[in-house]
Amino acid sequence: MKTFSIAIDGPAGAGKSTIAKKLAHLLQCIYVDTGAMYRSVGYYCIRNGISLEDEEAVSKELPQMDIVLQHTSDGQRIVLNGEDVSQQIRNTEVAASASKVATYGAVRKSMVQRQQEMAKSTSIIMDGRDIGTVVLPFATLKIFLTASVEERAMRRLKEYEEKGMVCNLESLKEEISLRDKQDSEREISPLKQADDAIVLDTTHMEIDEIVAHIQMLLKERL
Ligand code: DC
């Protein structure tokens, strides 16, 4: 198969990572969860007492952040400065911090550079908010996933409950709506669908159905 790149964008909880992981497995290619990179930046700041409101202080720390995405037999691990933070970055506090630092120009520039480097000369699936518009503007296929806020909050609730975390649906709905607003209204590379992206509303679709549909679309493009 020819080298390809698939950009999957969309709001929190739209099913991006679940779908991207399955596709990467089926297509035998690398999956890059760019949200995990922004989460790592937010987590680093929380851990090191750097104010998330202080753009200059956050930006100054970027060279100190070594973020590695490791591909292991039981999934992707996120390693920040040698420490596996895959679990620690999956909570609402870190999600909100990621959304905040993602509004800063220097943070975006640094993450985009790292992501573009990863996409050089290999088939890749990347998910995020600005993949089709900024990171991989020439992607073979661009998908924009959406789903209702209720459905997305339900999915997150299930995910957190499966991990034994205590959450409630109303506060998750609130958190998701707030992040949607911050991610789509920020000045630099806001969450928006690329003009040439294919929009899929996943509210009433099964994961396998979406995966099969994207596979079919890719086949048409190659
Ligand atoms: O996909 P996620 O929920 O893990 O992303 C966490 C936050 O990171 C999200 O609210 C916005 C930001 N983000 C971004 O600005 N650009 C990306 N490509 C990926 C995530």
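Just so you know, ligand 1 is whichever comes first in the structure, and atom 1 is the first atom listed for that ligand. Here the structure is a predicted model, which is why all the values come from computation and not from measurement.
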**Q** Check Lys158 with Glu161, please: is the shortest side-chain N to carboxylate O separation under 4.0 Å?
**A**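 Here Glu161 does not pair with Lys158 in a salt bridge, since their nearest N and O are not under 4.0 Å apart.
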
**Q** If every non-hydrogen atom of Asp9 is compared with every non-hydrogen atom of Arg129, which pair is closest and at what distance?
**A**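 In this case the closest contact between Asp9 and Arg129 is OD1-C, 3.0 Å.
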
**Q** So Ile143 and Ile210, side chain to side chain contact (heavy atoms under 4.5 Å, CB included) or not? Walk me through it.
**A** CA-CA 11 Å; Ile143 303 289; Ile210 305 162; over 6 Å; no

**Q** Find all protein N or O atoms under 3.5 angstrom from an N or O atom of ligand 1 and list the pairs with distances, or write 'none'.
**A**
unit_1	atom_1	unit_2	atom_2	d
ligand 1	1 (O)	Arg129	NH1	2.9
ligand 1	1 (O)	Arg129	NH2	3.4
ligand 1	3 (O)	Arg39	NH2	3.2
ligand 1	3 (O)	Arg129	NH2	3.2
ligand 1	3 (O)	Arg179	NH1	2.9
ligand 1	4 (O)	Arg39	NE	2.6
ligand 1	4 (O)	Arg39	NH2	3.3
ligand 1	10 (O)	Arg179	NH1	2.8
ligand 1	10 (O)	Asp183	OD1	3.4
ligand 1	10 (O)	Asp183	OD2	2.7
ligand 1	15 (O)	Arg108	NH1	2.9
ligand 1	15 (O)	Arg108	NH2	3.4
ligand 1	15 (O)	Arg186	NH1	2.8
ligand 1	15 (O)	Arg186	NH2	3.1
ligand 1	16 (N)	Arg108	NH2	3.0
ligand 1	18 (N)	Thr34	OG1	3.0
ligand 1	18 (N)	Arg129	N	3.1
ligand 1	18 (N)	Asp130	OD1	2.8

**Q** Supply the members, apart from Met165, of the Ile/Leu/Val/Met/Phe/Trp/Tyr cluster built from side-chain contacts under 4.5 Å; use none for a lone residue.
**A**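 Result for Met165 is Met154, Leu157, Tyr160, Leu169, Leu172.
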
**Q** Which Ile, Leu, Val, Met, Phe, Trp or Tyr residues join Val68 in one cluster when any pair of side-chain heavy atoms under 4.5 Å counts as a link?
**A**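 Direct or chained contacts put Val68 with Val79.
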
**Q** Could you tell me which residues satisfy side chain to side chain contact (heavy atoms under 4.5 Å, CB included) with Glu206, sequence neighbours excluded, listed by chain and number?
**A**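 Side chain to side chain contact (heavy atoms under 4.5 Å, CB included) list for Glu206, sorted by chain: Glu209.
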
